[in-house]
Amino acid sequence: MAQIELSGGLKKWVEEIQKLTQPDAVEVIDGSKDQEEKLYRLLVKNGTCVPLNPKKRPNSYLSWSNPDDVARVEDRTFICTENKIDAGPTNNWLSPKECKDRVTPLFSGCMRGRTMYVVPYCMGPIGSPYARIGVEITDSPYVVVNMLIMTRITKEVVQAACTQPFVQCVHSVGMPLSPGQKDVCWPCNPKDTIIAHFPETMEVWSYGSGYGGNALLSKKCHALRLASWMAKDQGWLAEHMLILGVTNPEGKKRYMAASFPSQCGKTNLAMIESKLPGWKAECVGDDIAWMFWNKAGELRAVNPEFGCFGVAPGTSEKTNKNAIGTLQKNSIFTNVGLTTDGDIWWEGLTDTPPEGLTTWRGEPYVAGSGKPAAHPNARFTAPISQCPSLDSAWNDPQGVPISAIIFGGRRQSIVPLIREAASWRQGVFYGAAMTSETTAAAKGVVGKVRHDPFAMLPFCGYNMGDYFRHWLSMEKPGHHLPAIFYVNWFLKDAAGKFVWPGFGENMRVLAWIFNRLEKAAQAVQTPVGLIPEQSTFELPQGTDYKALFPMDREGWKSEMADLREYFALFGEHLPPGMAAELNEISKALSS
Ligand code: TSX
Ligand code: MN
């Protein structure tokens, strides 16, 4: 097949990067099936991918990474702006010049012995006024096949990138090959890894890692860090949120967007299977929402992505049946276990591991050895179009109208199951005040409360204080503001037992939110927001209203004291509205 001819801005930029990185060959990716097949053949030949049993898992592959390249590296992630204050107190900062001086030598000749792939991609439905184009140049064919699932890649997108501005992403595994040098299964360079963002020139330079968010630059780098910067300048929102549609027994549908810190089950909520008779939920997106105000003043959301890049361990028929349905075929599995019949397994997939399992380290699995079959950050890459609960409007160029925004976190006490903000300002405060307890899935102490405003701590591409201000600025004439809620599925009783069944039963919470929007459910005021009136919230068997809606004034007072300290981090950049809301809630708690 003849390669697609490049022109314009894309051609010029590709030549520039080619000159810098010195690849042996250049290949433009256009989404064609034969190109995809060729890439998988190469990955299998190189040992990067193992084809899974086509009878069990059609057109699917398993990859095991270098054990030193298994997750995003936040301490090597930089926001490079002319002024340090524009990156803010929560990001690592380098000046653009200093950072370019650091990365240019790394990229110089870094693709020797490899093919440079040019991957033009579209974030958002093709043809949507809300879609944006990016191009990732990479020397990793593993990255290319993941991008083919995670983004929209077509010949039209290649053409569009020749004539329109696009986000420029340059990625290298950082392991050039000298003539005759044998490659490894997972080339990378952990010692020199760096992920650098240049929001003022819309560039990302990523070196040394082939894993996930470090390497699939469309996701966290483009759709969150750079897009949040663009959104601030252009009056929209680029958020770390799932999008779902909720339909009530009368057949009316409302869309909601929700954000949670890690380990709260965000993908599980995105794909929730309703346990509440008559109520239905459908999935638009599981990780990122781009939200824009249309001419009618509605907030319209698109999922910029085309696939799911989900954490595998813990995903099962019981916790997320629709995710299991999504990854039946055409999927890539990274750092999970391999069964004797050529299928995958991870902790939590079934109650007992299958006989003869091989771990992600390529070793025989030994139960109780402390060596898991799957790495805790093992992933599946699967087309979202395969989700059994996919919403009919998931690819609508006009997006879906958002009626409610849900924030949340994992807390064993104080924070009630659900509460509603009494105002937009209070809702923005809920987002800014988001906290979650650490779990055993992350390294470090278990149960420590961490701040993660809007679940954007590692993903906001500018000053977080300015980001709060941007959210507050959404309240203006002509905007039909969604209602804002805060949920907590993780309250425990004195014996340490969860007091809420969670999972499919969370539909009751979504139903209460829906009914609030319809003015069909009563709420009672508390100092920290509105909670359900007991009679308008249908409790599942064996649950207790008082346990789900505690009012621990002393607990909340210490929450506010801690927040006051946290907000001080943002100094002059903390918008007055946030301090005012904190003061008002504190006052209400003391009266
Ligand atoms: O994803 C979760 N959700 C959201 C589902 C839509 N998890 C898993 C979190 C780890 C990623 C939950 N865990 C949820 C939840 O709502 N709730 C809990 C806590 C919990 C765990 C088990 C039980 C009850 C609550 N019950 C039994 O195991 C019987
Ligand atoms: Mn995420």
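Just so you know, ligand 1 is whichever comes first in the structure, and atom 1 is the first atom listed for that ligand. Reckoned from all heavy atoms, side chains included, excluding hydrogens, waters and symmetry mates. Residue numbers run from 1 in the order of the sequence given.
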Original post:
For Glu347, which residues count as a salt bridge (charged side-chain N to carboxylate O under 4.0 Å, His left out) partner, sequence neighbours excluded?
Top reply: none

Original post:
Relative to atom 18 (C) of ligand 1, which among Phe498, Phe490, Trp489 owns the nearest non-hydrogen atom?
Top reply: Phe490

**OP:** Validate the cation-pi geometry between Lys219 and Phe309: distance from NZ or CZ to the six-membered ring centre under 6.0 Å, angle to the ring axis within 45°.
**Re:** no

Original post:
Arg410 near ligand 1, heavy-atom distance under 4.0 Å?
Top reply: yes

Original post:
Under the 4.0 Å line, does any protein heavy atom show up next to atom 8 (C) of ligand 1?
Top reply: yes

Subject >> Lys220: salt bridge (charged side-chain N to carboxylate O under 4.0 Å, His left out) partners, not counting sequence neighbours >> reply: Asp287

**OP:** Measuring from the Mn ion (ligand 2), name the closest N, O or S atom belonging to Asp287.
**Re:** OD1

**OP:** Please indicate, with yes or no, if any protein heavy atom is found under 4.0 Å from atom 16 (O) of ligand 1?
**Re:** yes

Original post:
Is atom 26 (N) of ligand 1 close to the protein, meaning a heavy atom under 4.0 Å from it?
Top reply: no

Original post:
Pro501: heavy atom below 4.0 Å from ligand 1, yes or no?
Top reply: yes

**OP:** May I ask you to check whether Lys220 brings an N, O or S atom to under 2.8 Å from the Mn ion (ligand 2)?
**Re:** yes

Original post:
Hey, is Glu559 close enough to Arg411 for a salt bridge, meaning N to O under 4.0 Å?
Top reply: yes

Original post:
Does the cation-pi check pass for Arg419 over Tyr430, that is, NZ or CZ under 6.0 Å from the six-membered ring centre and within 45° of its axis?
Top reply: yes

